[in-house]
Every structure is written in structure tokens, then in C-alpha cells.
Amino acid sequence: MPHGIQRGRLPLALLLALAPFALIQAQPAVEPEPRQVEVGLYISPPFVMEEQGGYTGMAVELWREVAAMQKLQSRYRVFDSLRELVEATAAGDVDVAVTNLTITEGRAERIDFTQPWFDGGLRIMVDKSQGGGFWALFRGLRDSGHLTGYLWLISIILLVTVLFTLFDRRFDSDFPRRWRDGLAESFYTVMSIATSGRVERKNLFGWIGRIWGGLWLVCGVAVVSYITASVTSVMTSLTLTSQINGVRDLPGKTVGVFSGSVAEEFVRREGIASRDFKDIDDAVQALSEGRIEAIVGDAPVLAYFAHSHPELPLLLVGRIFEPDKYGFGLPLRSDLARPISVDIIGAYESGRVKELREKYFGSRR
């Protein structure tokens with residue numbers, strides 16, 4: 001075969017060999033389908049909140065931005081308590097746990113955590129009006145035994161009222177004849193002596209009557225003194241014993257905590273009596289009804305609730321204790337842990353986490 005023809009065939013062979021690669025490069029890149037993930041939520045304002053059929057809050061907003069960067073499509077599922085959310089994450093029923101989830105050693109043995117994105121801690125909430133009011137005073141008088149003394153005084157007053165009525169009906173011609181009027185007159189006289197020390201009865205027996213009147217005055221002064229002293233002592237005791245100003249005042253009190261929270265672990269470890277509640281609304285209701293004496297919970301959650309409900313007599317006391325950090329939870333060895341953590345670090349460095357914090361908590365926290 002002539003050399004000219006062979007040289008002409010060589011470029012054609014090269015073109016045929018390179019054609020498949022050219023076709024591959026010409027085809028547009030195919031975007032991968034978004035990955036579906038189960039996202040577990042625990043409602044805890046302002047980190048996770050329900051709004052108009054959807055969810056919002058600092059944790060939810062941060063998660064949505066991370067999910068968008070990772071091409072993740074979220075399907076949300078709400079849990080009634082932190083304990084249930086952690087259990088579901090450990091079992092692999094959810095891919096990510098999104099809320100103010102505190103990173104602890106015990107939880108880290110069961111689930112993975114992302115890079116922390118919020119610094120938290122525990123604090124104490126009390127009812128400013130607790131320790132006062134009629135029912136608190138009533139309970140104090142009952143517990144101190146003064147109510148028994150009051151019942152004896154009432155019995156004596158009623159007995160003396162009847163005796164005065166019988167006596168005056170017999171010896172005082174001007175005394176009302178109708179029993180109803182006579183008992184009312186005698187009762188007024190007895191109460192006047194007991195409360196003001198004034199004797200407004202007619203003296204029917206001269207100097208002997210005066211001596212009896214003086215004795216009744218002494219009795220009246222004693223009754224008033226006893227009632228005043230007992231009420232004052234009980235109110236003082238209530239003021240002193242009901243004050244909670246910090247962690248040191250919690251022993252001997254009953255506090256409310258959220259089921260499965262680090263606050264629950266703390267009070268049990270310290271031997272403090274507690275009652276579990278599903279959420280902060282139930283706990284505040286119990287606090288207002290006097291079923292608990294304080295709430296121990298995440299400081300930002302308590303602060304946000306108190307700020308959002310200025311009509312309620314709620315007060316945060318003491319400093320933040322048991323400082324901790326929040327992160328997203330994932331099942332052990334989840335392939336999402338590292339890329340999500342990288343995106344959270346990026347959100348920190350770009351200032352986005354700071355912007356979200358200021359949006360929900362203000363410039364100062």
C-alpha cells in the first residue's frame with residue numbers, strides 16, 4: 001500500500017478513537033438527587049418552635065442551612081422528650097437530632113455529636129409571688145399548729161357568746177328578747193373585747209362587774225397578741241424558707257426538670273427532690289400552682305420563656321452553673337458527622353452562628 005494513503009488513514013483512526021471521550025465531555029453533568037434524612041426535633045423555644053404548620057428556631061435555621069450545603073432533604077419528626085429523641089437517634093430511627101442537645105459523656109457513648117454550635121448551662125427559675133398570699137399563710141399556720149389554737153379560740157368565742165346571751169337575757173331588761181338579735185349583740189360584744197379591748201356591756205353588778213370587765217380586757221389583749229405573734233412568725237418563716245437564690249438553696253425543695261435533660265441528671269446526682277415535665281409550659285404551670293418550688297433547666301430556654309411572658313411572675317435567680325455545649329446528634333459512626341461539623345465550623349467563621357444567636361437572644365445574652 002502506498003505510504004501516502006497510510007499517512008491519510010492515521011488521523012482518521014485517531015478521530016474515531018477519541019470520539020467517545022468527546023461525546024462524554026459534551027454531555028451536561030447530572031446533579032445527584034438530594035439525600036432524604038429523618039430529622040428528629042424536640043420543641044424547645046427558641047431553638048425549636050412550631051410556627052404556621054412548620055418549624056423554626058435557631059437550631060432549625062442552622063440545620064436548614066447546613067442541609068442545603070450538604071444537599072439533604074429533611075423529613076421532620078417531633079418527639080415528646082429529650083430522652084425519646086436521644087433513644088431514637090441511638091437506635092438509628094432518625095439521622096439527625098436537632099434541638100438544644102447538650103453534649104455529655106453519657107450521650108456521647110451512645111450517639112455521635114457534631115461540632116458544638118452554642119454555649120449553654122443550667123439556671124434556676126422561681127415564681128416571684130411564691131411564699132406569699134393567703135394560701136401560703138394558711139399552710140404555714142396549719143403546719144406550725146397555730147390553726148388548732150385558732151379553732152380553740154373560735155370555740156371559746158362561740159361558747160362565751162351563748163353564755164353572755166343567757167346571762168343578759170336573765171339580768172338585763174333592755175337586752176333584746178329575740179334569740180337572733182340577742183346572739184348577734186353578744187357576739188359583737190365578745191369580738192369587740194377580743195379585738196379592740198373595749199367593753200361595751202352595761203355594768204349590772206357595780207365594782208364586781210368592773211373587775212370582771214378588767215379580766216375580759218386582759219383576755220382580749222392576750223388573744224390579739226397571740227394572733228399577731230403567730231401570723232408574724234409564720235410570715236417571717238415563709239419569707240426565709242421560700243427564698244431560692246442559687247444552687248445552695250435547692251436541697252430540701254422540690255424542683256421541676258425536663259424529662260431526659262441534663263438538669264434531671266444534675267438534680268438526681270445532687271439528691272434534690274424533683275418532678276419530671278414534658279416541656280416548659282407544664283413546668284411553669286406546676287410552679288404557679290405551688291406543686292414545685294423552682295425549675296432547673298437550660299439557661300437560654302428559661303431566659304427566653306421569661307422574656308416572652310412578661311405577664312407571669314417569673315424570675316431567674318443565681319448564676320449559670322454546669323456550663324455545657326449544644327450540638328446536633330447523629331447515630332454512631334454516621335457518615336454525616338464530619339461534613340456537617342465542617343459546615344458548622346464554616347458558619348462560625350463566617351459569623352452566621354453569631355447572627356442567628358443575636359436574632360433570637362439579642363446582641364447580649
Side-chain angles (χ1 to χ4, degrees), residues 24-25 27-120 260 262 298 300-301 324-361 365:
I24 293 174
Q25 291 180 352
Q27 291 177 353
V30 178
E31 288 289 332
E33 289 291 329
R35 176 177 171 181
Q36 292 277 348
V37 291
E38 289 280 342
V39 179
L41 301 178
Y42 170 69
I43 303 300
S44 180
F47 296 99
V48 179
M49 300 180 288
E50 292 183 273
E51 185 178 89
Q52 297 178 351
Y55 303 100
T56 185
M58 181 180 177
V60 174
E61 284 200 44
L62 178 60
W63 164 250
R64 281 180 177 153
E65 295 184 11
V66 170
M69 288 185 283
Q70 292 297 321
K71 303 296 189 295
L72 302 175
Q73 189 171 2
S74 303
R75 185 165 53 241
Y76 295 109
R77 178 180 170 190
V78 177
F79 291 84
D80 289 335
S81 69
L82 285 167
R83 180 181 291 108
E84 293 180 10
L85 177 58
V86 173
E87 292 288 343
T89 305
D93 295 335
V94 297
D95 298 303
V96 185
V98 174
T99 189
N100 53 311
L101 188 62
T102 302
I103 302 173
T104 66
E105 181 181 1
R107 289 174 177 171
E109 292 176 349
R110 306 183 61 204
I111 63 176
D112 282 341
F113 282 98
T114 64
Q115 172 76 12
W117 47 267
F118 195 92
D119 293 326
V262 293
D298 289 352
V301 174
D324 51 34
K325 295 179 181 295
Y326 303 154
F328 296 142
L330 307 99
L332 288 175
R333 295 174 292 277
S334 171
D335 62 331
L336 293 174
R338 187 177 185 279
I340 291 176
S341 292
V342 171
D343 288 337
I344 291 175
I345 294 173
Y348 253 113
E349 293 179 349
S350 67
R352 181 54 182 157
V353 172
K354 181 181 178 181
E355 291 176 3
L356 289 173
R357 186 174 65 239
E358 291 179 352
K359 174 181 177 180
Y360 288 95
F361 294 97
R365 196 168 51 80

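Only this structure's heavy atoms are used, side chains among them; waters, hydrogens and symmetry mates stay out.
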Under the ring pair (Phe, Tyr, Trp, His ring centres under 6.0 Å) definition, can you give me all pairs with a residue in residues 81-116, not counting sequence neighbours? none

Sequence neighbours excluded, every pair satisfying ring pair (Phe, Tyr, Trp, His ring centres under 6.0 Å) that has a member inside residues 71-99: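 Checked against ring pair (Phe, Tyr, Trp, His ring centres under 6.0 Å) - neighbours excluded - the pairs reaching residues 71-99 are Tyr55-Tyr76.
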
Listed by chain and number, what are the side-chain contact (heavy atoms from CB on, under 4.5 Å) partners of [X], not counting sequence neighbours?
| X | value |
| --- | --- |
| Glu65 | Arg352 |
| Gln52 | none |
| Leu332 | Asp112 |
| Lys359 | Glu61 |

Are Tyr326 and Phe47 an aromatic pair by the rule of ring centers under 6.0 Å? yes

Can you tell me which residue pairs pass the salt bridge (Lys or Arg N to Asp or Glu O under 4.0 Å) test with a partner in residues 78-88, sequence neighbours excluded?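 Checked against salt bridge (Lys or Arg N to Asp or Glu O under 4.0 Å) - neighbours excluded - the pairs reaching residues 78-88 are Arg83-Glu264, Glu87-Arg110.
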
Distance check, rounded to the nearest 0.5 Å: [X] atom [atom1] versus [Y] atom [atom2]?
| X | Y | atom1 | atom2 | answer |
| --- | --- | --- | --- | --- |
| Asp343 | Met69 | CG | CE | 4.0 Å |
| Lys325 | Asp119 | NZ | CG | 3.5 Å |
| Glu358 | Met58 | CD | CE | 10.0 Å |
| Ile43 | Glu50 | CD1 | CD | 4.5 Å |

Any side-chain heavy-atom pair from Ile111 and Leu330 closer than 4.5 angstrom? no

I'd like to check Gln70 versus Pro339 (side-chain heavy atoms, cut-off strictly below 4.5 Å). Are they in contact?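 Yes, their side chains come closer than 4.5 Å.
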
Looking at residues at least two apart in the chain, or sitting in another chain, which of them share a side chain to side chain donor-acceptor pair (under 3.5 Å) with [X]?
| X | result |
| --- | --- |
| Gln73 | Gln36 |
| Trp117 | none |
| Lys354 | none |

State, to 0.1 Å, how close [X] and [Y] come at their nearest heavy-atom pair, and which atoms those are.
| X | Y | result |
| --- | --- | --- |
| Leu62 | Ala347 | CD1-CB, 4.3 Å |
| Ser74 | Trp63 | OG-NE1, 2.9 Å |
| Ile344 | Gln115 | CD1-O, 3.7 Å |
| Phe118 | Pro300 | CE2-CG, 3.9 Å |

Without swapping roles, check the side chain of Thr114 against the backbone of Phe328 for a donor-acceptor pair under 3.5 Å. yes

Under 3.5 Å, which donor-acceptor pairs do the side chains of residues 92-102 form with other protein atoms, sequence neighbours left out?
{"from": "Asp95", "atom 1": "OD2", "to": "Glu38", "atom 2": "N", "distance (Å)": "2.7"}
{"from": "Thr99", "atom 1": "OG1", "to": "Tyr42", "atom 2": "O", "distance (Å)": "3.0"}
{"from": "Asn100", "atom 1": "OD1", "to": "Ser44", "atom 2": "OG", "distance (Å)": "3.0"}
{"from": "Asn100", "atom 1": "ND2", "to": "Asp298", "atom 2": "OD2", "distance (Å)": "2.7"}

Return each pair, listed once, that meets side chain to side chain donor-acceptor pair (under 3.5 Å) where at least one residue sits in residues 329-339; pairs must be two or more places apart or across chains.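 Every side chain to side chain donor-acceptor pair (under 3.5 Å) pair that includes a residue of residues 329-339, provided the two are not neighbours, is Arg35-Asp335.
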
Run the side-chain contact (heavy atoms from CB on, under 4.5 Å) test on Asp324 and Ile103 for me, step by step, so that the C-alpha distance in whole Å, both residues' side-chain angles and the decisive distance to 0.1 Å come before the verdict. CA-CA 7 Å; Asp324 51 34; Ile103 302 173; over 6 Å; no

